[in-house]
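Report on one structure; see the data block that follows.
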Amino acid sequence: MMKKKLAVIRLPLPLLLLGVLVCLHTSPALGEGYLSIAELKAQTPARWQQTYEAHGRIIQINVPIYVPDVEKMPVLAGENTWPVFLDDMESYFDTWRNDNYPYHFGKSSALPLQDLADSSASPQDLAVSPASSQAPAISSASPQDPAPTSAPTAAPTPAKQKQRWLEHYLDTEKLDWNESHAEGNPLTLQEGWDITVQAVAQALGQDIADGLFLDRAVARGTYTYTDKAGGVYHKTDRASRYVFQCAQSLEGIPVLAPAFRAFSAYTGRTLTGEKGVMWSSFLTAHITSAEEFQIYLVATKATETLHQDVPLSSFAPVQSKLEEMILAGQIRAIYTLRLGYVYFMKADGSKKGFDFFPCWVVECDFAKKPKQETEDPLRPDIKGPFSYTLASRFTYFLFNAQTGELIDPKSVSQKRSRCPEVITWESVR
């Protein structure tokens, strides 16, 4: 039987070396693609500005990209807790509880959150844009000057009058905090914020006050109305208040959302055991004056550091996925884009406490089908607590900050709200 000869191909040495270099270049090195949070902040643009054309629509993205200014990104264990008040706090504040917030406090002259002049009116809020045709919520004019308004001047029939709040979203990036006033209120926006910080420091401690992360601000005014569709509104004499919604911070990193937010776009309901990661841990301050304010909160605290510092993905895969959803005709606008903590159930399913895990949190307008037309999210006849969050198309998307992957919003797994597997520096080096 004839033996087959093994053919040996002899390559020139330079070509052989080139092949070795190509292999080294294309093979992922240990830790390649992972960044520290300081490196991520240094290479992530401060803003995403881009115009897209998708399914006959022009989508303009102009949103700041928030990355915490810290040196490490730890993974923490934590729990909801009662706030620890100073011994003499009750000499300054009234404190009480309700079903929605474990604790809130304020000055004794502060009006209850559900207070309305017409007690038969539904305690719902309506939102309008500051640029809309409704009465403005904030201006740079002195509060003693007549407030400009385009609302109808004809007084409604007293018998048909009802009262309702209108909330105007405040673009805190563009407003002059030291010159802008809520309608009929002598406090500037900055003074309203200062009252919030001082009250929190006095009641909860300076460290919590220093860690407040402003999520959004609105000016809330009380209006009479006669048209249920929101066409006729008249500002009452009662001064508008500022409403500041703030995230609490742990290790300098804001706690931005509960895990359930990842699934609200599609499922809209909780699964067994998810209640603990459904409610946000925001602190909300209602400020009318230094003598009339209320602060509501679900306090959270870290109980253990599970990992001192973990590696993160670059922002690129997050942006790529969002662009894919924009071009698919689903995302119509992006309002906020932030890196921070999301709290999940324990990975083992334990219901005692939860874990703080790094995620990108995106607030946007989203339609499941590209041909779906949805209402303007700032129409004044949409009921709800905060301006652009009111429309049915508003939703959140969460991205695992270690992998850059979208947390599947369609998931109905009983384990969907459990903390993702943590990638450590040791495992990638």
Side-chain angles (χ1 to χ4, degrees), residues 46-48 62-70 78 80 83 100-101 104 113 125 127 129-130 137-138 167-175 177 180 182 189-190 192-197 199-200 204 208-220 241-262 264 277-287 293-300 333-343 356 358-365 377-378 384-391 394-399 401:
R47 200 171 197 90
W48 178 6
N62 184 5
V63 60
I65 304 173
Y66 173 79
V67 179
D69 188 12
V70 294
N80 285 334
N100 297 321
Y101 290 86
H104 56 280
L113 187 61
D125 303 329
S129 163
I138 195 161
E167 286 192 338
H168 301 247
Y169 171 72
L170 305 180
D171 190 338
T172 54
E173 273 195 301
K174 296 179 181 177
L175 286 171
W177 284 49
S180 300
L189 179 61
Q190 183 63 53
W193 175 249
D194 290 343
I195 291 171
T196 300
V197 174
V200 170
L204 308 176
I208 293 180
D210 291 341
L212 290 179
F213 176 87
L214 182 60
D215 176 62
R216 62 176 59 90
V218 301
R220 170 181 286 183
R241 69 177 71 171
Y242 298 102
V243 181
F244 300 104
Q245 180 168 293
C246 308
Q248 300 168 69
S249 296
L250 299 174
E251 304 291 337
I253 300 163
V255 181
L256 295 175
F260 178 72
R261 292 272 171 84
S264 58
V277 289
M278 182 178 179
W279 307 110
S280 69
S281 60
F282 283 135
L283 177 149
T284 304
H286 295 248
I287 310 296
F293 64 85
Q294 304 152 292
I295 295 176
Y296 302 74
L297 73 153
V298 177
T300 58
I334 296 178
Y335 298 111
T336 64
L337 183 48
R338 298 163 174 162
L339 175 64
Y341 281 130
V342 168
Y343 52 98
F356 296 102
C359 288
W360 288 96
V361 180
V362 182
E363 295 181 325
C364 61
D365 282 349
L378 296 177
F386 284 105
S387 295
Y388 59 73
T389 66
L390 305 184
F394 174 81
T395 194
Y396 299 82
F397 288 109
L398 306 186
F399 289 79

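Applying the ring pair (Phe, Tyr, Trp, His ring centres under 6.0 Å) test between Phe244 and each of Phe282, Phe293, Trp193 identifies Trp193 as the sole match.
Nearest heavy atoms, Gly252 versus Pro254: O-CD, 4.1 Å. When all heavy atoms are compared, the tightest approach of Ala259 to Leu398 is O-CD1, 3.9 Å. Heavy atoms only, all atoms of each residue included: Pro68 and Tyr66 are closest at CA-OH, 3.6 Å. Residues Thr300 and Gln248 come closest through the heavy atom pair N-OE1, 3.5 Å. The minimum heavy-atom distance linking Leu175 with Ser180 is given by the pair CD2-OG, 3.7 Å. Residue His286 comes nearest to Val243 through the heavy atom pair ND1-CG2, 3.7 Å, listed as atom of the first residue, atom of the second, then distance.
Here OH of Tyr341 is found 6.5 Å from CG of Leu250. Values are rounded to the nearest 0.5 Å. Between atom CG of residue Leu283 and atom CG of residue Asp215 there is a gap of 11.5 Å, rounded to the nearest 0.5 Å. We find the CG-SG distance between Leu214 and Cys246 to be 5.5 Å, quoted to the nearest 0.5 Å. Here the CZ-CD distance, from Arg241 to Gln294, works out to 5.5 Å after rounding to the nearest 0.5 Å. Here the straight-line distance linking atom CD1 of Ile65 with atom CG of Leu339 works out to 11.0 Å at 0.5 Å rounding. One distance of note links CD1 of Ile287 with CZ of Arg220; it measures 12.0 Å at 0.5 Å rounding.
Arg338 has its side chain within reach of Phe213: a pair of non-hydrogen atoms, C-beta onward, lies under 4.5 Å apart. Side-chain atoms of Val67 and Trp360, non-hydrogen and from C-beta on, do get closer than 4.5 Å to each other. Residues Cys364 and Thr395 form a side-chain contact, since some pair of their non-hydrogen atoms from C-beta on lies under 4.5 Å apart.
Checked by atom type and distance alone, the side chain of Tyr396 never pairs as donor or acceptor with a backbone atom of Val361 at under 3.5 Å. In this structure a side-chain-to-backbone donor-acceptor pair under 3.5 Å is missing from Tyr242 to Ala217. Of the possible polar contacts, one joining the Trp177 side chain to the Thr172 backbone as a donor-acceptor pair under 3.5 Å is found.
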Under the side-chain contact (heavy atoms from CB on, under 4.5 Å) rule, what do Ile253 and Phe356 come out as? Steps first, then yes or no, please.
CA-CA 10 Å; Ile253 300 163; Phe356 296 102; over 6 Å; no
Given the rule in the side-chain contact (heavy atoms from CB on, under 4.5 Å) test, do Leu212 and Ser249 qualify, once you have shown the distances and angles that lead to the verdict?
CA-CA 6 Å; Leu212 290 179; Ser249 296; over 6 Å; no
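Note on ring orientation: taking the six-membered ring where Trp is involved, the planes of Phe394 and Tyr335 are tilted (angle from 30° to 60°).
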